[in-house]
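Inspection log for the structure reproduced underneath, given as structure tokens.
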Amino acid sequence: MSSGPVWGKKEARGDAEDKAQGLGDCWAHDIIAVASRAVSVRVQGPRTAETVQSARRELTERLAPGHVPGLVTTDEHSPYVGALLAVFGQSHTPERTPGPGAPQKAVLVPAPELVSAQVDKPRAATGRVETIAPRLIFGTPEPVAQRLETAPASSPVTTAFSECANGCDRHRNPRKARKVRSFSKQRAAQRAGSWLGMVLGIFCWVPRTLRQTPAMSLGKATHVLTGGEFLRLHPQGFRPPTGKDIRAGHTPCPAPAVPAGRLAQWPNKRLVQRSFQHLGVNARGLG
């Protein structure tokens, strides 16, 4: 099958012009509610700081005004720390120290109730994980221990729930399987398949430890839906696109993964680095 303007490419075979057109790797950035195992937020796009921050920004839009998550756990991907500061942080100007020199510039500090931990996984040269080392990023050990003790699902700091969700997503959706030729060749097909697999997992999949679907845990369903029952559901205000809309590209799927308005809210790199130095945070991979 020859390549053309509407066909995608894998990341290794794309050049700068292909990436400017949106071709190449497309990551699903998920935020999972551990208690229900439901994917609360999914933002698809390149694995960049802007996409991560857009997912965090969407989370704040779905939370109550002023609410801060009790405990956030991530892996060692460094943009997660900067995104938490950008979304749940507050501007703070350090007091001027005695002596000569210019006054210190403003930095971002986390909200007092924000607690975040990171799971580092050093790997061997073969790529195999050697050790798993949790590390506290924001907060103090006492609140972390208290919130882990009252956590509904897990006592240690772990990313097992997101890793399990990623594995299930690849199993359900062959477009996301590793080292295969079934990758998506159109952006709309990739996003549509990704959203379909995610929502089917919420309404039609029963986690073994919960004995009910994530939708039932959230009170959005009374029983495990079959595939046919799910397809007959229609969200409030939803209007299926017509064939004419699909041919013209007027569907939600081809829209940009990260809205331009959210990109403008991402703080500049120097502000993030200055905030990390002020807080004493060591985020692996910060460039």
Side-chain angles (χ1 to χ4, degrees), residues 25-92 106-120 134-139 143-144 147 151 157-159 161-163 165-166 169 191 194-195 198 202 214 218 255-276 278-279 281-287:
D25 286 351
C26 181
W27 294 75
H29 298 73
D30 294 345
I31 299 178
I32 299 175
V34 173
S36 63
R37 310 293 197 277
V39 178
S40 303
V41 174
R42 168 165 290 185
V43 175
Q44 301 183 66
R47 199 167 188 247
T48 60
E50 289 80 8
T51 312
V52 173
Q53 190 263 354
S54 179
R56 294 287 190 271
R57 184 72 62 180
E58 186 171 336
L59 176 64
T60 61
E61 297 173 358
R62 301 192 178 190
L63 295 174
H67 179 76
V68 177
L71 177 61
V72 180
T73 58
T74 65
D75 60 16
E76 61 267 33
H77 189 40
S78 61
Y80 292 145
V81 182
L84 286 174
L85 270 181
V87 176
F88 298 109
Q90 305 168 354
S91 180
H92 169 71
V107 296
L108 293 173
V109 297
E113 57 271 28
L114 178 63
V115 177
S116 174
Q118 181 173 295
V119 179
D120 295 337
R135 182 158 58 95
L136 184 63
I137 300 297
F138 298 135
V144 174
R147 294 175 188 185
V157 175
T158 179
T159 56
F161 299 102
S162 59
E163 292 168 0
N166 293 338
D169 207 13
R191 296 184 183 173
S194 179
W195 280 102
M198 184 198 78
I202 293 177
L218 296 173
V258 181
R262 286 178 177 165
L263 292 181
Q265 297 171 356
W266 177 255
N268 61 62
K269 185 177 178 181
R270 290 187 177 181
L271 174 59
V272 175
Q273 290 178 328
R274 191 165 64 244
S275 302
F276 283 8
H278 173 76
L279 298 170
V281 173
N282 177 24
R284 179 177 298 180
L286 179 67

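Computed from heavy atoms alone, side chains included, the values below leave out hydrogens, waters and symmetry copies.
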How close do [X] and [Y] get, heavy atom to heavy atom, and via which atoms?
{"X": "Thr158", "Y": "Thr73", "value": "O-OG1, 3.4 Å"}
{"X": "Phe138", "Y": "Pro110", "value": "CD2-CG, 3.8 Å"}
{"X": "Arg56", "Y": "Ala83", "value": "CG-CB, 3.7 Å"}
{"X": "Leu271", "Y": "Val107", "value": "CD1-CA, 4.0 Å"}
{"X": "Arg57", "Y": "Ala86", "value": "NH2-O, 3.9 Å"}
{"X": "Gln118", "Y": "Asp120", "value": "NE2-OD1, 2.9 Å"}

Salt bridge present between Arg62 and Glu58 (N-O < 4.0 angstrom):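 Yes, Arg62 and Glu58 are salt-bridged.
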Counterpart residues, salt bridge (charged side-chain N to carboxylate O under 4.0 Å, His left out), relative to Arg42 (two or more places apart):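 Counting only residues at least two positions away or on another chain, Arg42 forms a salt bridge (charged side-chain N to carboxylate O under 4.0 Å, His left out) with Asp30, Asp169.
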List for me each residue that meets side chain to side chain contact (heavy atoms under 4.5 Å, CB included) alongside [X], sequence neighbours excluded, and say none if there are none.
{"X": "Thr159", "value": "Val119, Lys121, Ser162, Glu163"}
{"X": "Leu59", "value": "Ile31, Val41, Leu63, Pro69, Phe88"}
{"X": "Ala38", "value": "Ser36, Pro214, Leu218"}

Distance, nearest 0.5 Å, that separates CD1 of Ile202 from CE of Met198: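 Taking CD1 in Ile202 and CE in Met198, the distance rounds to 4.5 Å.
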Separation of Ile137 CD1 from Leu84 CG (nearest 0.5 Å):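 Answer for the CG-CD1 pair, Leu84 versus Ile137, is 9.5 Å.
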side-chain hydrogen bond (donor to acceptor under 3.5 Å, both in side chains) pairs, two or more places apart, involving residues 80-92: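 side-chain hydrogen bond (donor to acceptor under 3.5 Å, both in side chains) check on residues 80-92 returns no pairs.
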Residues forming a side chain to side chain donor-acceptor pair (under 3.5 Å) with Arg37, sequence neighbours excluded: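 Side chain to side chain donor-acceptor pair (under 3.5 Å) list for Arg37, sorted by chain: Thr209.
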Non-hydrogen side-chain atoms of Pro79 and Thr48 separated by less than 4.5 Å: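 No, too far: nothing below the 4.5 Å cut-off.
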Steps toward side-chain contact (heavy atoms from CB on, under 4.5 Å) verdict (Leu279, Leu85): CA-CA 11 Å; Leu279 298 170; Leu85 270 181; 4.1 Å; yes
